[in-house]
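Working notes, structure below.
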Amino acid sequence: MSVNNPTAGALVRAGQLVSLRRHIAQDEAAFVRWYTDADIAYVLRHDLRPLTPYQAQGYFSTIVLPNSAHGTAWAIHHNETNALIGTTAITEIDERGGECLFRIVIGEKELWGGGLGTDATRLVVAEAFERFELRAVNLEVFAHNPRAYRSYEKVGFQERGRSEEWARNVRLDVIAMRLPREAWDGTYRTIAH
Ligand SMILES: CC(C)(COP(=O)(O)OP(=O)(O)OC[C@H]1O[C@@H](n2cnc3c(N)ncnc32)[C@H](O)[C@@H]1OP(=O)(O)O)[C@@H](O)C(=O)NCCC(=O)NCCS
């Protein structure tokens with residue numbers, strides 16, 4: 001079960017089901033629980049292996065927390081309970097090309113399939129297009145993760161290609177998807193146009 005976190009970080013952007021907030025140091029325990037989970041590693045990591053607790057702590061404190069302070073990574077909170085339920089980010093931000101790579105994990109597995117990840121994705125897309133004024137959001141998803149693929153389709157991402165990778169003798173089919181700003185439906189737009 002997700003744990004209610006009364007000490008949530010500052011609100012960045014609110015959706016219907018979830019909100020994006022700044023990560024705070026207290027989020028580390030949940031983050032480590034998610035990134036050491038085998039089911040999550042199976043859909044998230046290119047070596048299919050969970051991080052060790054030490055690696056997950058380091059990832060959170062040296063990358064995710066500073067990036068969240070900088071505005072490119074966010075804690076996902078459930079609007080009903082305010083509980084921390086996941087984490088999301090844009091990385092590889094190419095300001096000249098106007099592109100980035102989108103990443104997301106709803107870490108509380110019992111909440112998968114409830115629309116929360118899709119709502120969070122819509123919020124990040126709005127951040128990417130409005131705050132960062134990017135021209136396109138890219139992402140990569142494994143073919144063995146149809147839930148994520150469908151979620152991204154609902155937000156408007158379209159497949160642009162497939163590639164094959166190998167990890168520990170397992171073939172991975174990686175699907176590249178893209179949402180150009182002109183194809184964005186404007187959900188959670190805050191700036192009037
Ligand atoms: C991917 C993720 C963010 C999606 O968020 P979510 O809240 O679970 O997604 P939603 O409930 O909005 O949508 C899931 C959709 O997939 C569909 N779906 C679920 N399992 C499916 C399957 N096996 N095959 C096809 N579609 C499936 C659902 O029916 C739903 O579509 P619908 O609304 O048209 O019925 C979330 O599940 C998650 O964090 N998963 C673990 C980490 C992960 O996969 N991250 C992404 C890595 S690229």
Side-chain angles (χ1 to χ4, degrees), residues 1-3 13-21 23 27 30-51 55-56 59-60 63-64 67-68 72-92 99-128 136-165 167 170-179 184-185 187-188:
M1 280 297 295
S2 50
V3 177
R13 195 177 285 249
Q16 269 195 316
L17 305 175
V18 301
S19 296
L20 301 183
R21 292 181 172 276
H23 268 300
D27 295 347
F31 188 93
V32 169
R33 181 162 49 78
W34 304 333
Y35 277 81
T36 54
D37 182 286
D39 295 332
I40 291 177
Y42 178 67
V43 289
L44 212 60
R45 295 185 50 74
H46 281 250
D47 63 2
L48 303 175
R49 260 192 292 222
L51 297 181
Q55 288 170 327
Y59 180 30
F60 182 76
I63 297 176
V64 175
N67 284 354
S68 194
T72 59
W74 304 270
I76 305 169
H77 285 257
H78 200 308
N79 287 349
E80 274 176 19
T81 59
N82 200 31
L84 173 69
I85 61 163
T87 186
T88 181
I90 53 173
T91 62
E92 277 101 315
E99 306 200 357
C100 68
L101 202 60
F102 168 70
R103 299 164 187 271
I104 185 167
V105 185
I106 300 296
E108 303 302 337
K109 296 188 280 185
E110 76 275 12
L111 298 176
W112 290 354
L116 305 179
T118 302
D119 205 43
T121 302
R122 291 194 165 108
L123 289 166
V124 175
V125 163
E127 281 289 296
V137 178
N138 298 309
L139 63 82
E140 289 185 344
V141 57
F142 291 134
H144 64 254
N145 191 3
R147 178 186 291 113
Y149 185 94
R150 174 69 193 131
S151 169
Y152 300 146
E153 265 189 336
K154 289 193 288 182
V155 177
F157 285 88
Q158 288 198 338
E159 186 171 330
R160 62 193 296 234
R162 293 188 179 221
S163 58
E164 182 186 294
E165 290 180 22
V170 177
R171 181 185 145 156
L172 295 172
D173 290 310
V174 181
I175 306 171
M177 300 181 85
R178 178 180 180 85
L179 177 58
W184 178 39
D185 65 9
T187 304
Y188 300 139

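The residues of the chain are indexed from 1 along the displayed sequence. No hydrogens, no waters, no symmetry mates; every other heavy atom, side chains included, goes into these values. Counting convention: from 1, in listed order, for ligands and their atoms alike.
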Nearest protein heavy-atom contact for [atom]: which residue, which atom, what distance?
| atom | result |
| --- | --- |
| atom 20 (N) of ligand 1 | Arg147 CB, 3.8 Å |
| atom 28 (C) of ligand 1 | Arg150 CG, 4.5 Å |
| atom 41 (C) of ligand 1 | Trp112 CZ2, 3.3 Å |
| atom 25 (C) of ligand 1 | Pro146 CB, 3.7 Å |
| atom 44 (O) of ligand 1 | Asn145 ND2, 2.7 Å |
| atom 39 (O) of ligand 1 | Ile106 N, 2.7 Å |
| atom 7 (O) of ligand 1 | Gly117 N, 2.7 Å |
| atom 9 (O) of ligand 1 | Thr118 OG1, 3.6 Å |

Within ligand 1, which atoms have a heavy atom of [X] less than 4.0 Å away?
| X | value |
| --- | --- |
| Glu140 | 48 (S) |
| Leu116 | 7 (O) |
| Gly113 | 6 (P), 8 (O), 11 (O) |
| Val105 | 39 (O) |

Using the ring-ring contact (aromatic ring centres under 6.0 Å, His included) rule, take Tyr59 and Phe31 through it: C-alpha gap first, then chi angles, then the decisive distance, then the call.
CA-CA 9 Å; Tyr59 180 30; Phe31 188 93; 5.5 Å; yes
Looking only at heavy atoms, is any part of Lys154 under 4.0 Å from ligand 1, and if so is it the side chain, the backbone, or both, or is it neither?
side chain
Donor-acceptor check, side chain of [X] to backbone of [Y], threshold 3.5 angstrom: yes or no?
| X | Y | value |
| --- | --- | --- |
| Ser151 | Arg147 | no |
| His77 | Gly86 | no |
| Ser68 | His23 | yes |
| Asn67 | Ala89 | no |
| His78 | Val18 | no |
| Asp119 | Leu17 | yes |

Please verify whether a non-hydrogen atom of [X] lies at under 4.0 Å from ligand 1.
| X | result |
| --- | --- |
| Arg103 | no |
| Tyr152 | yes |
| Ile104 | yes |

Would you check if there is a donor-acceptor pair between the side chains of Arg103 and Thr91 at a distance under 3.5 Å?
yes
Pairing donors with acceptors under 3.5 angstrom, does anything connect the side chains of Tyr35 and Gln55?
no
Is_contact(atom 37 (O) of ligand 1), protein non-hydrogen, under 4.0 Å:
yes
Is atom 16 (O) of ligand 1 near the protein, in the sense that some protein heavy atom lies at less than 4.0 Å from it?
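So far as the 4.0 Å threshold goes, atom 16 (O) of ligand 1 is in reach of a protein heavy atom.
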Test side-chain hydrogen bond (donor to acceptor under 3.5 Å, both in side chains) applied to Trp74 - qualifying residues, sequence neighbours left out
none
Have a look at Asp37, Val43, Thr88 and point out the one with the heavy atom closest to atom 43 (C) of ligand 1.
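It is Val43 whose heavy atom sits nearest to atom 43 (C) of ligand 1.
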Before giving the answer on side-chain hydrogen bond (donor to acceptor under 3.5 Å, both in side chains), spell out for Gln16 and Tyr188 the whole-Å C-alpha distance, their side-chain angles and the decisive distance to 0.1 Å.
CA-CA 9 Å; Gln16 269 195 316; Tyr188 300 139; 4.5 Å; no
What class does the angle between the rings of Phe102 and Phe157 fall in, given that below 30° is parallel, 30 to 60° is tilted and above 60° is perpendicular?
parallel
